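Below is one structure, written out as structure tokens; comments come after it.
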Amino acid sequence: MGCIEVNFDGLVGPTHNYAGLSRGNLASSANRGLVSSPRRAALQGLAKMRMLHERGFMQAVLPPQERPLVAWLRHLGFRGRSDAEVLAVAAGTEPEWLAAASSASAMWTANAATVTPAPDSKDGRLHLTPANLYAMPHRAIEAPFTAAVLRRIFRDAGRFYVHDPLAGGAALADEGAANHTRLAAAHGSPGLHFFVYGRAAARGSREGSPGHFPARQTLEASRAVARRHGIVEERTLYLQQHPDAVDAGVFHNDVICVGHLGTLFVHERAFSNGEAAFGEIKRRFAEVAGERLRMVCVPESRVSLAEAVRSYLFNSQLLDLPGGGCLLVAPEECRRSDAVRGFLDECVADPDCPLKEVLFFDLRESMRNGGGPACLRLRVVLRAEDLAALGARVVVDGVILDELEAWVRRHYRETLMPADLADPALLEESRRALEELTGILRLGWIYAFQGVADAKPNRLREEAEAAD
Ligand code: SUG
């Protein structure tokens with residue numbers, strides 16, 4: 001099957017800010033209350049998209065969500081005659097809910113969904129499960145809109161199947177592609193899907209779980225996603241995150257591991273039972289793909305777990321180079337770390353290492369919330385003919401990137417402080433920006449403020465709470 005990989009990057013929203021909402025995400029906690037720059041954040045993201053597009057990679061974009069999500073604040077009982085009054089009431093009584101309702105966290109599209117390409121599903125369609133992001137309220141409210149927007153884009157039911165987010169509460173907490181890796185000989189060949197979870201809900205107890213920080217993804221959620229996507233059992237593998245890694249700030253597996261086709265770049269302390277886990281990945285990959293996995297395993301002695309989290313080395317993108325081998329798209333912070341830089345220099349100089357080139361990107365605005373290059377993109381492997389079936393203008397070229405850049409410059413604030421979240425002018429500006437964006441991306445009306453019910457916090461979330 002002739003398939004290509006498309007990276008869907010999240011467009012940073014106009015309310016990008018530092019609210020310290022994610023316990024266990026060290027950057028989010030450390031940068032709480034800092035002044036953010038929504039404009040710079042969005043332009044940094046677009047610069048990454050432009051560079052990869054110009055290098056010949058297929059690049060697409062997903063729109064920001066509506067924030068502050070006034071419909072959710074009303075759902076939580078904050079009342080007012082106008083939306084501005086609702087913001088004022090929330091800000092004056094429980095400002096943490098206003099912060100949660102204002103987060104631009106949907107920019108990290110690696111958490112938008114888990115994706116199973118057509119060659120791996122029993123019915124031959126591309127399957128997507130929007131992540132319920134159950135672990136954190138400011139992220140859990142993303143799920144309904146994510147499902148709605150994915151359904152707009154992947155609307156051809158003969159080719160694509162966008163499932164509902166998993167219901168069932170904490171036992172089925174799902175963080176999407178950030179905890180899933182597909183390894184394959186080629187994009188169109190059958191892949192090995194390895195899912196990484198933080199805790200097994202059925203065991204109930206704390207067995208193998210981190211002691212300090214929350215483990216977000218459950219084994220049960222990963223299994224449910226694999227089952228509903230129709231991946232044959234022989235091509236799945238479930239591994240547990242090392243509890244020390246979670247406690248060191250690895251809140252998603254993509255903070256410590258990245259895989260692409262036949263290459264895996266990983267820290268030695270990523271998984272419980274490290275050696276056995278690596279052996280299992282290699283053995284299973286060889287069975288599925290019929291070739292050897294190229295694994296680059298970074299030892300603690302070269303880059304410590306703490307340095308890996310500080311630099312976000314593994315939250316890099318791996319992309320195919322035309323001459324063979326991989327391009328690593330890494331955060332700028334890696335260049336500044338002697339240990340990381342030294343390791344990467346050696347890799348690139350070694351003819352046996354699959355990493356052939358490294359590009360560093362300044363994504364500081366997103367990084368301060370714990371989001372590196374890999375967090376910002378959702379990989380979707382499509383058949384060439386699927387591209388024409390996409391239901392919006394989301395695959396970017398130079399023209400669209402220019403339009404999006406001008407749009408950001410027209411609408412986004414240079415700076416934002418947590419106290420600004422209650423400013424009714426910010427709400428108006430954000431809505432004006434999103435209204436215009438639906439036109440640029442030809443999405444049609446999709447936001448709750450445009451009267452679209454699907455985008456509102458819906459009954460799925462209430463079902464989940466009831467089941468808890
Ligand atoms: O869920 N940060 C996000 C970062 C997500 C990164 N994604 C991947 N690793 N794939 C999170 O912790 C912080 C928001 C704040 O504190 O204002 C936040 O939501």
Side-chain angles (χ1 to χ4, degrees), residues 7-10 12-38 41 45 62 64-65 67-69 95-115 131-143 146 173-181 195-196 198 213-217 241 245-246 248-259 270 308-309 311-317 331 363-379 416-421:
N7 281 285
F8 283 76
D9 277 46
V12 178
T15 59
H16 158 68
N17 75 98
Y18 302 118
L21 298 173
S22 289
R23 202 169 86 78
N25 169 343
L26 302 185
S28 157
S29 303
N31 296 314
R32 176 187 190 138
L34 285 191
V35 177
S36 64
S37 174
L62 289 177
Q65 300 211 1
R67 297 290 181 270
L69 190 55
E96 61 276 22
W97 291 115
L98 175 59
S102 303
S103 177
S105 53
M107 69 169 88
W108 300 297
T109 52
N111 304 117
T114 308
V115 184
N132 60 26
L133 295 170
Y134 190 86
M136 310 263 154
H138 72 288
R139 302 229 54 190
I141 56 168
E142 293 170 32
T146 302
D174 174 24
E175 298 280 317
N179 285 327
H180 164 261
T181 306
F195 292 86
V196 181
F213 287 142
R216 297 197 197 182
Q217 176 92 25
Q241 283 187 280
V246 179
V250 181
F251 56 95
H252 289 136
N253 182 59
D254 68 2
V255 174
I256 204 69
C257 168
V258 55
V309 172
S311 65
Y312 254 44
L313 169 60
F314 297 93
N315 200 257
S316 297
Q317 288 178 250
L363 294 165
R364 172 97 57 92
E365 287 289 322
S366 167
M367 285 284 286
R368 283 191 175 143
N369 257 337
C375 298
L376 286 162
R377 61 92 177 94
L378 179 69
R379 290 178 286 188
L416 200 65
M417 307 248 289
D420 298 332
L421 299 177

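Here the structure is a predicted model, which means the values were calculated and not measured. Whatever order the structure lists them in is the order used to number ligands and atoms, beginning at 1. Side-chain atoms are counted along with the backbone in the values below, which use heavy atoms only and exclude waters and symmetry mates.
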Only heavy atoms of [X], strictly under 4.0 Å: list the atoms of ligand 1 that pass.
X	value
H252	7 (N), 8 (C), 9 (N), 10 (N)
S28	13 (C), 15 (C), 16 (O)
G370	4 (C), 6 (C)
N17	17 (O)
A178	10 (N)
C375	6 (C), 7 (N), 8 (C), 9 (N), 10 (N)

Would a 4.5 Å heavy-atom cut-off, applied to side chains only, mark [X] and [Y] as touching?
X	Y	answer
H180	V196	no
L21	S103	yes
P331	L363	no
H252	N315	no

Below a 4.0 angstrom heavy-atom separation, can you tell me which part of [X], side chain or backbone, both or neither, approaches ligand 1?
X	value
A19	both
N369	both
L21	both

Within this structure, what is the [atom1]-[atom2] distance for the pair [X] and [Y], rounded to the nearest 0.5 Å?
X	Y	atom1	atom2	result
T15	R67	OG1	CZ	7.5 Å
L378	T114	CG	OG1	8.5 Å
N7	Q317	CG	CD	5.0 Å
L34	L416	CG	CG	12.5 Å

Look at ligand 1 and say whether L133 reaches it with a heavy atom at a distance under 4.0 Å.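 For ligand 1, residue contact (heavy atoms, under 4.0 Å) with L133 is absent.
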
Would you say R216 touches ligand 1, if touching means a heavy atom closer than 4.0 Å?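 Yes, that is the case, since the closest heavy atom of the residue is under 4.0 Å from the ligand.
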
Which option wins on minimum heavy-atom distance to atom 19 (O) of ligand 1: R23, H138, R139?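 Selected option, by shortest heavy-atom distance: H138.
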
Residue selection (non-hydrogen contact nearest atom 7 (N) of ligand 1) among L378, N111, L376: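 Residue with the shortest heavy-atom distance to the ligand atom: N111.
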
Using distance alone, decide if ligand 1 has a nitrogen or oxygen within less than 3.5 Å of any nitrogen or oxygen in [X].
X	answer
W108	no
Y18	no
V255	no
G20	yes

Within 6.0 angstrom of R32 CZ, more than 12 heavy atoms from elsewhere: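 No - once you tally the heavy atoms of other residues, nucleotides and ligands closer than 6.0 Å, there are 12 at most.
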
Checking T146 against Q65 for the side-chain hydrogen bond (donor to acceptor under 3.5 Å, both in side chains) test, could you report, in this order, the C-alpha distance in whole Å, the side-chain angles of both residues, the deciding distance, and whether it holds? CA-CA 8 Å; T146 302; Q65 300 211 1; 3.1 Å; yes

